[in-house]
J.: 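Quick one: the structure is below, and I'll ask about it shortly.
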Amino acid sequence: MLKVRLPDGSVRQFTHRVRPIDVAAEIGSRLAKATVAAVVDGHVVGADTPLPSDGEISLRLLTNKDPEALAVLRHSCAHVMARAVMRLFEGVRLAFGPTTATGFYYDMDLEHSISEDDFPAIEAEMAKIIKQDEEFERIERPRDEAIALCRELDQPLKVEHIEEGLADHPTLSFYRQGEFVDLCRGPHIPRAGMIKAFKLLSVAGAYWKGDSSRKQLQRLYGTAFFSKADLEAHLKAVEEAKRRDHRVLGKQLDLFTISPLVGAGMILWLPRGAIIRSELENFIREELVRRDYEPVYTPHLGHVELYETSGHFPYYADSQFAPIEMNPGERYLVKPMNCPHHVMIYKARRRSYRDLPLRLAEFGTVYRYEQSGELTGMTRVRGFTQDDAHLFCTEDQVADEFRGCLEMTRFVLETLGLTDYRVRLGFRDPASDKYVGSEESWQRAEASLEAVCREMDLPRLDVERGEAAFYGPKADFVVADCLGREWQLGTVQLDYNLPSKERFGLEYTGPDNRPHQPVMIHRAPLGSLERFVGMLIEHFAGAFPLWLAPEQVRVLSVSERAESYGRKIEAKLRAAHLRVRGDYRAEKLGGKIRDAQLMKIPYMFVVGTKDMEQGTVSVRDRIEGDLGAMTLEKAIEHLQDEIATKRVRQVAKSSVRLIETAEGSEY
RNA sequence: GCUAGCGUAGCUCAAUUGGCAGAGCAGCUGAUUUGUAAUCAGCAGGUUGUGGGUUCAAGUCCCUCCGCUAGCUCCA
């Protein structure tokens with residue numbers, strides 16, 4: 001006998017073998033019709049999956065209201081799409097077709113190169129399939145039969161996957177819908193007709209099993225919903241997100257530009273963007289002083305041998321600008337990292353344990369030859385400045401220093417109202433040989449790093465194997481951009497290797513008057529200023545908090561009669577260290593306000609003849625609108641207070657989310 | 001780097017089948033003197049990313065390179 005516990009706490013008993021859909025039918029025929037899938041003891045299963053014949057389970061029926069159901073729907077839609085493509089083109093070999101946070105894709109290999117021009121035909125075929133409203137039927141087969149079936153279906157990629165990736169599965173499942181049979185773990189929606197709205201979005205290349213040495217397949221992206229309204233809302237949200245893309249806003253607000261003549265991936269900071277950057281740098285500098293860092297400066301070049309010693313040159317040769325050869329044997333590298341230079345500052349004299357921790361900080365500009373297809377606005381560039389620092393400390397100081405770095409990063413992010421990030425602990429992949437250093441030092445480093453992070457209760461902390469730097473484990477602060485793509489910002493990395501004898505052989509004299517090896521910590525709270533500002537542009541949708549705003553106040557004259565008064569106000573604001581400009585054009589006030597609003601200027605001081613007579617300014621707040629007339633002194637005080645406290649008044653909410661839903665299917 | 005798509009005025013975009021390169025905004029000039037999200041008019045602005053090819057004729061078709069976009073791979 002099976003006891004089924006439902007979410008409302010009620011328990012139903014079944015003496016015969018039942019499926020979730022049967023449980024639903026017993027509750028009500030309308031529920032049965034609406035049931036998309038079910039969650040049994042925390043696992044999503046199909047509505048027709050037989051439940052155990054006895055014992056006790058918890059069951060939650062999923063309808064189109066549940067987010068888990070949407071993933072099931074999308075995965076089914078991926079099947080429908082693959083089926084449509086197979087109907088339209090010859091020789092389609094299927095690979096993987098999982099769901100993503102916002103839709104689904106299917107990777108396939110076929111002769112015909114699919115372009116967006118093919119989308120209408122594919123969508124029309126999909127619509128036909130959905131209209132037929134056929135069931136998704138689950139079929140299970142033992143391994144050898146499954147392989148034979150995939151061979152018969154002429155699906156070599158599926159055969160390969162069963163033989164390699166699914167080697168430990170004794171039986172495999174397939175889903176059939178009409179003539180279409182696909183190796184698939186499921187689950188699926190009961191009938192194709194449940195897909196009420198779908199759209200193909202894009203096509204791109206994707207390597208088979210994510211391996212760039214293997215064949216490149218065609219990946220077709222799409223999304224699906226339970227209603228047309230949901231689809232339209234989603235597409236609208238994506239459009240809105242695109243409007244606050246930093247590349248769009250950077251142009252509109254005159255923040256930065258990129259010139260092909262200067263070079264792809266090289267940011268030219270326009271005056272307005274440069275203000276944001278320099279304010280951030282000042283903010284970081286103040287924190288460095290508070291936290292007892294010592295600023296240093298180092299050159300942009302270094303001998304290749306320096307980077308051979310550090311290991312960067314051999315390891316990252318492909319992604320560096322080629323060495324500059326001046327004379328035979330005299331080769332310089334444009335620096336791809338600041339650490340070797342800072343190491344040489346450490347080595348400039350003998351160090352005592354009394355000198356430690358030594359914290360050397362520099363806004364260091366580095367150059368890396370990123371692959372051309374990787375370049376993206378400010379977020380992935382070839383030249384960038386890190387708010388870098390290297391800490392040299394004793395083994396005993398590691399935990400405290402590491403914690404200090406994490407705290408500074410967290411403080412900086414939170415000051416900017418950036419609370420929506422995750423922390424990724426990048427550990428070594430034990431199966432890979434790309435790492436330098438001993439097994440023992442890696443274990444020690446990973447253990448102490450994880451202990452500190454756990455104790456600090458960092459948001460959404462998770463360990464990712466294979467994400468370490470080649471010289472040590474790290475904690476990365478990762479945020480998503482307005483289109484849901486994740487970017488690494490701040491980073492704190494532990495390094496037992498550069499100081500080692502095999503590398504730079506760093507030493508300090510301990511209290512025992514004997515040489516010891518220090519530990520290095522690499523850290524950058526913002527990471528790259530380019531990427532960070534790119535993120536900030538999207539985070540604030542271009543409307544920066546007052547302390548960062550390139551233009552903090554704009555003086556708007558109502559008419560020519562108030563111009564000279566306006567210019568006096570402007571001068572006084574400038575004298576009060578506010579970033580101000582005046583708009584004395586022969587435009588109507590409404591027009592000037594509109595221009596200032598579009599440039600996201602936080603405050604507008606409107607001056608007309610009334611203000612001139614009363615000695616006031618009429619303050620308009622970008623967010624609140626007209627605040628009325630007040631004395632200039634009061635207005636300045638108001639602004640200076642907002643600047644001093646670095647107040648964040650408004651943050652653009654991300655409309656496209658990186659959602660927590662797990663990938664839908666593994667095959 | 002790979003796959004696919006794209007590149008027209010400073011910006012956003014038009015230009016039937018290959019058939020005289022156009023608009024709005026921005027800019028400049030003039031008029032207007034305005035009280036909380038667009039005042040009016042005129043002018044100017046281009047070797048259609050680069051180099052080659054096909055054609056009587058190329059923004060449009062083909063090739064090269066450069067750049068951009070999406071995704072993959074990479075990311076010290």
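Every chain is numbered from 1 and lettered A, B, ... according to where its sequence line falls, protein lines coming before strand lines. What you are looking at is a predicted structure, and each value in this text was computed from that prediction instead of being measured.
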J.: Does B:A70 have OP1 or OP2 under 4.0 Å away from a side-chain N or O of A:R247?
T.: yes

J.: Ignoring backbone atoms, establish whether A:S618 has a side-chain N or O less than 4.0 Å from OP1 or OP2 of B:G35.
T.: no

J.: Given B:G67, B:G71, B:G5, which nucleotide is nearest the side-chain atoms of A:P260?
T.: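 For A:P260, the side-chain atoms sit closest to B:G67.
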
J.: Does OP1 or OP2 of B:C72 have a side-chain N or O of A:Y207 closer than 4.0 Å?
T.: no

J.: Indicate yes or no: does A:E563 engage A:R567 in a salt bridge with an N to O separation below 4.0 Å.
T.: yes

J.: Go ahead and name the base partner of B:G18; Watson-Crick or wobble counts if both distances stay under 3.5 Å, otherwise write none.
T.: none

J.: Before accepting this row, confirm whether a basic side-chain N of the pair A:E530/A:R368 lies closer than 4.0 Å to the acidic partner's carboxylate O.
T.: no

J.: When you check the phosphate oxygens OP1 and OP2 of B:A76, does a side-chain N or O of A:K474 lie under 4.0 Å from one of them?
T.: yes

J.: Report the base-pairing partner of B:U29 (Watson-Crick or G-U wobble, both distances below 3.5 angstrom), or none.
T.: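 Check on B:U29: paired to B:A41, both distances under 3.5 Å.
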
J.: Please state the C1' separation for the pair B:G35 and B:U39 - nearest whole angstrom.
T.: 15 Å

J.: Check every atom of B:A76, B:U34, B:G35 against the side chain of A:D611 and return the nucleotide holding the closest atom.
T.: B:G35

J.: Using centres under 5.5 Å plus planes under 30 degrees as the test, is A:F470 stacked with B:A76?
T.: no

J.: Please state how far atom CD in A:E486 lies from atom P in B:C74, giving the value in whole angstrom units.
T.: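 Interatomic distance, CD of A:E486 to P of B:C74: 16 Å.
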
J.: Let's see if you can work this out: which of B:G35, B:A4, B:U33 has an atom nearest to the side-chain heavy atoms of A:T609?
T.: B:G35

J.: Determine, for A:K209 against A:D211, whether the closest basic-nitrogen to carboxylate-oxygen distance falls under 4.0 angstrom.
T.: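 Judged by the 4.0 Å cut-off on N to carboxylate O distance, A:K209 and A:D211 do not form a salt bridge.
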
J.: Expressed as a whole number of angstroms, how long is the span from A:Q252:CD to B:C11:P?
T.: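 Taking atom P of B:C11 as the reference, CD of A:Q252 is at 12 Å.
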
J.: What's the CD-P distance between A:Q218 and B:G5, to the nearest Å?
T.: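 Rounded to the whole Å, the gap is 10 Å.
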
J.: Ignoring hydrogens and geometry beyond distance, is the side chain of A:D626 in donor-acceptor contact with the base of B:G35 at under 3.5 Å?
T.: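 For A:D626, whose side chain was compared with the base of B:G35, there is no donor-acceptor pair (under 3.5 Å).
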
J.: Going by modelled atom types, is there a donor-acceptor pair between the base of B:U33 and the side chain of A:R561 at under 3.5 Å?
T.: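 Such a pair does not exist between side chain and base.
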
J.: Does a salt bridge link A:R465 with A:D429, judged by any charged N lying under 4.0 Å from a carboxylate O?
T.: no

J.: Between B:A14 and B:U54, how far is it from one P atom to the other, in whole Å?
T.: 31 Å

J.: Salt-bridge test for A:E401 and A:R523: reply yes if a basic N is under 4.0 Å from a carboxylate O, no otherwise.
T.: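 Answer for the salt bridge query: no.
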
J.: How close or far is atom P of B:U34 from atom NZ of A:K610, stated in whole angstroms?
T.: 12 Å

J.: So, does A:R485 get its side chain near the phosphate of B:A70, meaning an N or O under 4.0 Å from OP1 or OP2?
T.: yes

J.: Counting only distance, no hydrogens or angles, is the base of B:A76 paired donor-acceptor with the side chain of A:S319 under 3.5 Å?
T.: yes

J.: Look at the side chain of A:A264 and decide which nucleotide, out of B:C68, B:U36, B:C74, has an atom nearest to it.
T.: B:C68

J.: Could you identify the nucleotide paired to B:G7, looking across every strand shown and requiring Watson-Crick or G-U wobble geometry with both distances under 3.5 Å?
T.: B:C66

J.: OP1 or OP2 of B:A76 sitting under 4.0 Å from any side-chain N/O of A:R368?
T.: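 For B:A76, OP1/OP2 do not have a side-chain N/O of A:R368 under 4.0 Å.
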
J.: Is a salt bridge present between A:R485 and A:E538, judged by a nitrogen-to-oxygen distance below 4.0 Å?
T.: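 Answer for the salt bridge query: no.
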
J.: Rounding to a whole Å, what distance do you find between A:Q371:CD and B:G67:C1'?
T.: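 Interatomic distance, CD of A:Q371 to C1' of B:G67: 17 Å.
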
J.: Counting only side-chain N and O atoms of A:K251, is one of them less than 4.0 Å from OP1 or OP2 of B:U12?
T.: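 Yes, within the criterion.
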
J.: Can you tell me the distance, in whole Å, between the CZ atom of A:R380 and the P atom of B:C72?
T.: 12 Å

J.: Side chain of A:R594 only, heavy atoms from C-beta on: which candidate in B:A37, B:U34, B:A76 is closest?
T.: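 Comparing B:A37, B:U34, B:A76 against the side chain of A:R594, the answer is B:A37.
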
J.: Could you work out the separation of B:G5 and B:G52 based on their C1' atoms and round it to a whole Å?
T.: 23 Å

J.: Examine B:C75: is either OP1 or OP2 under 4.0 Å from a nitrogen or oxygen in the side chain of A:K434? Give yes or no.
T.: yes

J.: With rounding to whole Å, what would you report as the distance between B:A15 and B:C6 at their P atoms?
T.: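 Result for the P pair: 14 Å, nearest Å.
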
J.: Does a salt bridge link A:D595 with A:R554, judged by any charged N lying under 4.0 Å from a carboxylate O?
T.: no

J.: Between B:A23 and B:G42, how far is it from one P atom to the other, in whole Å?
T.: 12 Å

J.: Looking for any heavy atom pair under 4.0 Å, which part of the strands does A:G373 touch: base, sugar-phosphate only, or nothing?
T.: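 Counting heavy atoms under 4.0 Å across all strands, the contact made by A:G373 includes a base.
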
J.: So, is A:R219 near the phosphate of B:A70, with a side-chain N or O under 4.0 Å from OP1 or OP2?
T.: no

J.: For B:C65 and B:U50, measure between their C1' atoms and round to the nearest Å.
T.: 7 Å

J.: If you only use heavy atoms from C-beta on, which nucleotide in B:A70, B:A76, B:G67 is closest to the side chain of A:Q493?
T.: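 It is B:A76.
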
J.: CD1 of A:I258 versus P of B:C68: gap in Å, rounded?
T.: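 Going from CD1 in A:I258 over to P in B:C68 covers 7 Å.
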
J.: Taking B:A26 as the reference, what is the distance to B:C68 when you measure between their P atoms (whole Å, please)?
T.: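 Comparing P positions in B:C68 and B:A26 gives a spacing of 29 Å.
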
J.: B:A37 P sits how many Å from A:R622 CZ, rounded?
T.: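 It is 15 Å, rounded to the nearest whole Å.
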
J.: Please tell me which of the listed nucleotides, B:U36, B:A70, B:G35, lies nearest to the side chain of A:I593?
T.: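 Nearest to the side chain of A:I593 among the choices is B:U36.
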
J.: Just to verify, which of A:Y496, A:F470, A:W442 counts as forming a ring pair (Phe, Tyr, Trp, His ring centres under 6.0 Å) with A:Y435?
T.: A:W442

J.: What nucleotide, of B:U39, B:G35, B:A37, holds the atom closest to the side chain of A:L598?
T.: B:A37

J.: Please measure how far the P atom in B:U48 lies from the corresponding atom in B:U8, and state the result in whole Å.
T.: 12 Å

